[in-house]
Amino acid sequence: MTDCYDEFNLEDYADVEPLPIVTGLKDELCQIMYSEEYKQLMGLMRAFLSSNELTPRAMRLTARVIAVAPAFYTAWNYRFNIVVAIAKDRLDQEFQWLDEVTLNNPKNYQIWSYRQALVENLGQDLTLRGDLPIMDMMLDDDTKNYHVWSYRKWAVLHFKDFTHELSFVDKLIDRDVYNNSAWNHRMFYMKNVSPDDRTIDEEITYTKNKIELVPQNISSWNYLRGLYDHFKPETGHKGELLKFAGGFIDALDLNATADSAESLPEIESSYALEFLASEYATEGQLQRAKNAYQCLALKYDPIRGSFWNYKITTLEA
Amino acid sequence: MVNVSRGNWPMDQGQRKLVKFLERHLGLLPVTQEGNDVNKLAIVFYSLESLSALDELVCKKYHPYKSWLLKHYTTWVDADGRELGGFVGSLNLVIPGVNSLSLANTLFALVCLLTLCESYEEFENTVAPLRKPIIKFIKCCQLKSNGAFVSVLNYQSSEPSPVDHHDLRFCYIAVSILYLLGDRSISDFQRHINVGKLMEYIMAQRCDVGGFGEFGEPHAGYTSCALSALKLLGQLDQLPNTYKEETIFWLLSRQTSGEGCEFLQEGKNENYDALDHGGFQGRENKFADTCYVFWCLNSLQCLTPEWTQFTRTDLARSFLQSRTQNSVVGGFSKNDEDDPDLYHTCLAIAGLRLTEGKFNGELCIPLALSDKFRL
Ligand SMILES: [Zn+2]
């Protein structure tokens with residue numbers, strides 16, 4: 001008696017009449033030179049899908065087909081039905097199999113929605129712990145993989161377990177302070193754990209330190225501004241934050257109107273300047289705001305020059 | 001701002017190579033393409049759409065393949081006797097008793113039909129018998145829980161597949177198919193799908209800094225899908241003005257620069273390359289990538305008719321033409337290092353044509369086609 005998770009062996013299918021694949025049509029585009037193995041596998045798979053046999057050998061066939069054609073959505077759907085029918089008490093093994101497929105197909109998104117389906121429909125006894133190793137491994141290998149981050153956030157919300165997230169993003173930000181996904185995950189975490197004022201103040205200090213490390217980093221600036229917008233809306237961005245941003249544009253005099261790039265000094269961060277410009281604009285310090293936009297257009301961010309000039313016209317209106 | 005002296009893309013050596021590159025993908029494919037068998041119509045779509053955008057006479061040359069393409073249309077009758085219809089990515093997915101209809105491949109096939117049909121009447125006559133079953137299929141792809149769309153149904157029923165993803169791509173594809181099949185006004189769409197629920201889902205994908213994405217991380221691809229869908233639905237005015245402005249700024253900020261303060265990242269940010277000057281990235285602090293020129297510029301054109309004045313389309317064009325086009329084989333790659341591939345070639349051509357005002361971005365087809373078929 002062979003099992004769901006044994007190796008695929010053609011002999012187990014000797015009694016099956018395959019449903020041969022379609023090849024060699026007249027006026028056909030993109031004709032693929034299929035291998036004999038593919039023809040055989042697909043012929044079997046089509047026959048099994050048609051009869052909807054929910055057996056261990058059908059499950060072994062799906063594993064083989066998915067290894068050859070991971071984008072074959074019907075094969076995943078079929079496998080899921082087989083698991084529900086005959087293997088739902090063996091989720092450990094199913095996840096083990098899935099982890100292996102995942103490691104072999106890092107860019108495929110099907111693996112994550114399949115995982116989600118298993119967890120959602122069959123995983124009453126599971127915890128986030130079971131998902132951590134594969135997610136950590138995948139993000140260690142590709143630290144900005146959008147599908148993995150999305151799945152991670154879904155899983156954290158599903159299991160309502162936020163205990164691993166902060167130390168995890170700490171590690172990733174330490175490794176690459178420019179990792180936007182990690183900063184984004186940090187904000188996702190903060191929004192979901194309802195932090196107290198002290199925690200937010202500590203976050204602000206943490207983020208300022210990261211900005212001081214590399215001031216020209218959009219991700220840490222967005223995070224800092226997000227902290228204020230989300231957790232300190234009443235205080236606005238005033239006072240200490242203006243001073244903090246001002247520290248990166250020391251040499252620049254925003255009371256003077258610049259006329260050429262050459263006359264302007266070096267600064268450390270265009271994001272600091274842009275932040276100051278938008279704050280001055282909302283505070284009604286229009287001349288300083290205009291000067292700041294002018295400097296961005298002339299020297300600090302010339303590729304968006306026409307946009308900065310447009311900002312100036314909105315202040316004049 | 002736009003470098004007009006460069007003008008439109010010349011019919012030169014480069015274009016001839018490019019056409020050859022694309023035509024090769026429509027011919028006999030090596031065994032290494034087996035993994036793409038189930039989405040073969042994607043290959044056909046990227047190739048025909050690209051050739052059409054290059055003003056090649058696709059209709060004349062490939063019209064004989066129309067009947068082969070139509071063989072990919074298949075129907076499935078559910079337990080209640082409803083007939084659902086749609087296209088599958090490969091004839092190998094036409095399997096008795098199995099529902100393998102695919103939303104993405106249905107859109108690919110319909111756009112291919114646009115490139116192959118000689119006239120509006122021919123297209124109308126071709127899709128008329130398919131319209132109702134396809135609309136029923138689309139309706140089944142919408143999730144009751146949150147209004148989003150999946151791309152395939154359960155192979156044994158007309159319920160959404162339990163193992164499929166739902167996201168803005170599939171929402172866009174559903175809306176785009178309905179548009180191609182004749183839905184124009186909000187009440188047209190409302191007759192076929194739950195527009196209110198869909199709008200709720202799209203709006204929930206907005207991100208704090210502008211743009212759209214999953215769980216708050218904006219992504220230029222999803223942003224383009226969301227804005228194109230809203231534009232086709234005629235619902236862009238549902239976005240608050242401040243949000244539109246933030247999104248425009250977020251999109252403009254995705255153009256990577258080798259100048260000014262951005263250059264301070266050189267040698268520090270491992271995803272920064274000053275030589276990618278003028279290209280577009282899909283997310284903050286990522287390398288520029290060919291396909292995001294289109295996704296970002298298309299998002300911008302959805303939001304403002306003045307988009308060409310706000311962004312350096314001339315630099316985006318030279319990023320594509322001088323940096324990611326492969327001078328030997330003609331195709332485009334995602335960056336200056338990888339091998340050219342069909343997807344990035346198609347998106348590069350779309351991006352270039354968009355900057356020339358010759359592309360219908362929200363439908364993702366050449367303007368000549370949307371004009372010809374009154375879309
Ligand atoms: Zn790309």
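Since this is a predicted model, take the numbers as computed values, not measurements. Chain letters run A, B, ... following the sequence lines, proteins first, then strands; residues in each count from 1.
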Do B:Arg283 and A:Ser181 get their side chains close enough for a donor-acceptor pair, meaning under 3.5 Å?
yes
Side chains of B:Asn285 and A:Asn217, donor plus acceptor under 3.5 Å
yes
Heavy-atom closest pair, residues [X] and [Y]:
{"X": "B:Val44", "Y": "A:Cys30", "answer": "CG2-SG, 3.6 Å"}
{"X": "A:Tyr38", "Y": "B:Asp37", "answer": "OH-OD2, 2.7 Å"}
{"X": "A:Tyr73", "Y": "B:Ser102", "answer": "OH-CB, 3.4 Å"}
{"X": "A:Asn180", "Y": "B:Glu217", "answer": "ND2-OE2, 3.6 Å"}
{"X": "A:Ile303", "Y": "B:Thr256", "answer": "CD1-O, 3.6 Å"}
{"X": "B:Asn39", "Y": "A:Ala71", "answer": "ND2-CB, 3.9 Å"}

[options]: which one forms the most heavy-atom pairs within less than 4.5 Å of chain B?
{"options": "A:Leu49, A:Leu273, A:Ile32", "value": "A:Ile32"}
{"options": "A:Val68, A:Asp301, A:Asn52, A:Asn179", "value": "A:Asn52"}
{"options": "A:Pro70, A:Ala47, A:Ser51, A:Ser150", "value": "A:Ser150"}
{"options": "A:Ser219, A:Ala69, A:Gly305", "value": "A:Ser219"}
{"options": "A:Gln110, A:Lys153, A:Gln216", "value": "A:Gln216"}

Return the option, out of [options], with the maximum number of heavy-atom pairs under 4.5 Å with chain A.
{"options": "B:Leu41, B:Asp164, B:Asn36", "result": "B:Asp164"}
{"options": "B:Asn271, B:Val98, B:Leu252, B:Asn99", "result": "B:Leu252"}
{"options": "B:Lys66, B:Gln255, B:Arg24", "result": "B:Gln255"}
{"options": "B:Gly35, B:Gly97, B:Gly278, B:Pro162", "result": "B:Pro162"}
{"options": "B:His25, B:His166, B:Gln33, B:His219", "result": "B:His219"}
{"options": "B:Lys71, B:His277, B:Gln156, B:Glu270", "result": "B:Gln156"}

Would B:Arg169 count as a cation-pi partner of A:Tyr109, with NZ or CZ less than 6.0 Å from the six-membered ring centre and within 45° of the ring normal?
yes
Is any NZ, NE, NH1 or NH2 atom of the basic residue among [X] and [Y] found under 4.0 Å from an Asp or Glu carboxylate oxygen of the other?
{"X": "A:Arg304", "Y": "B:Glu262", "result": "yes"}
{"X": "B:Lys40", "Y": "A:Glu28", "result": "yes"}
{"X": "A:Asp176", "Y": "B:Lys268", "result": "no"}

d(A:Phe72 CZ, B:Ser90 OG) to nearest 0.5 Å is 8.5 Å
Roughly how far apart are B:Tyr62 OH and A:Asp27 CG, rounded to 0.5 Å?
12.0 Å
With a 4.5 angstrom heavy-atom cut-off, could you sort out which part of [X] is near chain A: side chain, backbone, both or neither?
{"X": "B:His165", "result": "both"}
{"X": "B:Leu69", "result": "neither"}
{"X": "B:Leu264", "result": "side chain"}

Please classify the contact between [X] and chain B as side chain, backbone, both or neither, with a heavy-atom cut-off of under 4.5 Å.
{"X": "A:Val214", "result": "side chain"}
{"X": "A:Glu274", "result": "side chain"}
{"X": "A:Ile267", "result": "both"}
{"X": "A:Ser269", "result": "backbone"}
{"X": "A:Lys299", "result": "backbone"}
{"X": "A:Glu266", "result": "neither"}
{"X": "A:Tyr78", "result": "both"}

Only one of A:Arg225, A:His230, A:Lys191 forms a side-chain hydrogen bond (donor to acceptor under 3.5 Å, both in side chains) with B:Asp208, so which one is it?
A:Lys191
Does [Y] offer a backbone N or O that forms a donor-acceptor pair with the side chain of [X] under 3.5 Å?
{"X": "A:Ser270", "Y": "B:Cys261", "value": "no"}
{"X": "A:Thr74", "Y": "B:Ser100", "value": "no"}
{"X": "B:Asn92", "Y": "A:Ile21", "value": "no"}
{"X": "A:Ser50", "Y": "B:Ile95", "value": "no"}
{"X": "B:Glu34", "Y": "A:Ser35", "value": "yes"}
{"X": "A:Asn184", "Y": "B:Gly216", "value": "yes"}
{"X": "A:Arg46", "Y": "B:Val94", "value": "yes"}

Determine, stepwise, if the pair A:Tyr34 / B:Val31 fulfils side chain to side chain contact (heavy atoms under 4.5 Å, CB included).
CA-CA 5 Å; A:Tyr34 300 115; B:Val31 66; over 6 Å; no
B:Leu91 vs A:Leu25, test: side chain to side chain contact (heavy atoms under 4.5 Å, CB included). Steps then yes/no.
CA-CA 11 Å; B:Leu91 293 178; A:Leu25 293 174; 3.4 Å; yes
Non-hydrogen side-chain atoms of [X] and [Y] separated by less than 4.5 Å:
{"X": "A:Tyr178", "Y": "B:Gln265", "value": "yes"}
{"X": "A:Met33", "Y": "B:Leu28", "value": "yes"}
{"X": "B:Tyr155", "Y": "A:Asn81", "value": "yes"}
{"X": "A:Trp154", "Y": "B:Phe215", "value": "yes"}

How about B:Phe249 and A:Trp308: are their ring centres within less than 6.0 Å of each other?
yes
Between B:Tyr222 and A:Tyr146, ring centroids under 6.0 Å
yes
Full working for side chain to side chain contact (heavy atoms under 4.5 Å, CB included) between B:Val152 and A:Asn77:
CA-CA 10 Å; B:Val152 288; A:Asn77 191 174; 5.9 Å; no
Could you please spell out the steps behind the side chain to side chain contact (heavy atoms under 4.5 Å, CB included) verdict for A:Phe307 and B:Thr311?
CA-CA 8 Å; A:Phe307 178 75; B:Thr311 185; over 6 Å; no
